[in-house]
Amino acid sequence: MRDIVTLISNNLAEVMDDLGIDKSDWTPLLTQATDTAHGDVAMPCHALARVMRKSPVVIAKEISVACQDKMSSIAEVDSINGFLNFTATPNWLENAVADVASDDRFGVNIEKQRIIVIDYSSPNVAKTMHVGHLRSTVIGDALNRMLTYKGHHVVPENHIGDWGTPFGMLIEHYLELESVAVVDIDFESFYKKARSKFDENEEFANKSRNRVVKLQSGDESTLELWQQLVDISLVHFNDVYQKLGVLLTNEDLAGESKYEVLLPEVVTRLEQANLLSFSQGAEVVFLEGWVNREGEPLPLIIRKGDGGFNYATTDLACIIDRVENIGSTEFLYVVGQEQTQHFAMVFEVARNAGFMDESIRAVHIPFGMVLGTDGKKLASRGGLAISLKDLLDEAVLRADAAIAEKNQELSESERAEIARIIGIGAVKYSDLSSDRTKDYTFDWEKMLSFEGNTSPYLQYAHARICSIFNKSGIKRESARESVISLVEPSELALARSIIGFAEALDDSCEKYLPHRLATYLHSLAQSFAAFYENCPVLIAEEESVKLSRLALCDLTARILNTGLDLLGIESPERM
Ligand code: ARG
């Protein structure tokens with residue numbers, strides 16, 4: 001309803017001029033109403049009492065009278081207790097809905113293109129992907145789709161952890177496992193076993209250190225072993241990506257190893273900027289205001305005493321690459337909130353060192369933990385770590401059971417496909433529909449329910465509309481041509497919801513909060529349910545009413561489908 005606020009503001013200008021009220025006094029007072037039962041736009045007149053030397057009640061009355069003939073085609077105006085309420089007329093809503101219906105972007109504009117790097121998913125080689133990586137993958141992918149839709153050039157980067165000192169011990173451990181078939185490597189215990197051998201066995205530790213030196217000096221046979229480890233891990237990552245249906249491919253890999261060559265350059269540049277200090281044998285950067293728990297200055301470690309570079313050093317190199325090679329002006333890091341301090345320090349060092357200037361927007365997009373229904377961190381089940389692949393398979397199985405109950409007419413293969421779409425959609429949507437900055441509870445019952453703010457509820461609304469059309473024998477394309485007329489309150493309410501799509505998407509993109517779009521889609525589906533309950537469609541008495549309602553159905557389904565797609569969720573036509 002952003003449009004109606006603008007429109008009312010534009011039309012009110014003349015009225016207010018006549019009354020001698022200054023623009024700067026009244027324009028900030030107009031707000032979109034939270035409860036449409038009282039109108040679409042509200043204006044409290046209390047702040048005008050001072051300048052007009054009249055009571056707010058009198059002012060509101062005067063303005064409403066002056067509005068009567070000037071604005072009657074746009075909105076009805078009421079004054080109550082010093083408030084003005086503007087309610088869009090059915091005629092204005094009809095025009096607004098017709099505009100959305102005839103636009104295949106539903107009113108969403110294309111912004112001036114920005115090159116946006118989104119750093120997401122980013123699991124670690126030779127380790128299993130955990131639920132935190134699942135969140136990053138799902139949220140990052142939704143932002144990728146939404147910002148692309150807004151016209152931006154999105155560069156997805158999967159910053160996998162594929163480099164650094166642990167790779168010495170990982171490669172040595174891999175060599176000792178030689179007899180195990182590659183596909184059978186259990187990454188759940190792989191890292192832990194390598195680490196404990198490293199800690200307990202001096203000989204193994206020495207071999208590992210040697211191996212790091214070889215790896216970093218580009219020894220060919222070591223690089224080959226390293227590549228094998230990376231490739232095996234990629235099979236696992238890609239398996240999860242494919243099940244999830246995310247956009248990431250091997251083309252988007254930009255792992256830590258990619259930036260290795262730039263690391264000495266980072267040190268040189270920090271030195272030139274006079275930022276580097278020595279602390280306990282390591283090269284570090286101290287930043288003003290950063291202290292540890294003991295109140296001592298907290299350094300960002302660039303190069304450890306043993307010569308090894310740090311996680312932060314790679315991120316600094318990565319910033320140089322994004323600015324100088326990719327030419328991006330906006331970097332989004334979809335990474336858990338436990339890394340907040342890391343990113344704040346890295347960004348500050350990068351700015352101080354001149355790696356990025358004010359024109360560049362670097363944003364950490366944090367998210368909370370995934371909790372089980374017991375309120376504890378969802379990490380393991382009876383001591384066994386949860387494998388993401390198993391989790392997604394379980395989602396599909398559970399969805400299959402749920403639809404078997406609901407619809408017995410589906411063929412075996414149709415059911416399998418629908419179960420996949422519903423199961424995966426449920427996992428993604430339950431994540432995306434909650435405010436990412438908070439912890440969220442992973443709850444099978446809730447996410448797979450056909451009631452509430454869930455993807456099955458939205459998908460069902462979409463499928464239901466498809467089935468209305470199937471029954472009607474009318475093609476959706478031809479329903480699109482019909483004139484929409486709005487009479488019943490639930491038709492008006494659905495129309496109000498429909499025209500809010502562009503605004504909801506913009507709001508979601510601006511704050512990088514996918515749940516805003518999800519909340520909108522849920523309220524659209526709710527408005528549709530109320531409309532469908534109150535307004536007969538196929539058995540409407542007049543043909544023109546039937547066609548108008550079918551056009552509303554079609555438009556709702558198109559927006560649901562597009563909105564879910566922007567969240568990375570499919571909408572089946574049958575359920
Ligand atoms: N691999 C890291 C982890 O699993 C996440 C990397 C995030 N991206 C970055 N540029 N630091 O914690």
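Numbering of residues begins at 1 and proceeds along the displayed sequence. Side-chain atoms are counted along with the backbone in the values below, which use heavy atoms only and exclude waters and symmetry mates. All ligand and atom numbering here is 1-based and tracks the order in the structure.
Just one of Phe367, Tyr120, Phe347, Tyr512 meets the ring pair (Phe, Tyr, Trp, His ring centres under 6.0 Å) condition when paired with Tyr333; it is Phe347. Of the candidates Glu265, Gln272, Glu271, Glu265 is the only one forming a side-chain hydrogen bond (donor to acceptor under 3.5 Å, both in side chains) with Arg269.
Note: Phe190 and Phe187 have perpendicular aromatic rings, judged against thresholds of 30 and 60 degrees for the angle between ring planes.
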Throw together a table of side-chain donor-acceptor distances under 3.5 angstrom for residues 416-423, partners on residues two or more places apart or in other chains.
| residue | atom | partner | partner atom | Å |
| --- | --- | --- | --- | --- |
| Glu417 | OE1 | Arg420 | NE | 3.2 |
| Glu417 | OE2 | Arg420 | NH2 | 2.9 |
| Arg420 | NH1 | Glu570 | OE2 | 3.2 |
| Arg420 | NH2 | Glu570 | OE1 | 3.3 |
| Arg420 | NH2 | Glu570 | OE2 | 3.3 |

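The immediate protein surroundings of ligand 1, defined as residues with any heavy atom under 4.0 Å of it, consist of Asp119, Ser122, Asn124, His133, His159, Tyr311, Asp315, Tyr333, Val335, Gln339, Phe343.
With respect to Asp321 and Lys258, a salt bridge is recorded, a charged nitrogen being found less than 4.0 Å from a carboxylate O.
Taking the six-membered ring where the residue is Trp, the centroids of His159 and Tyr311 are separated by 6.0 Å or more.
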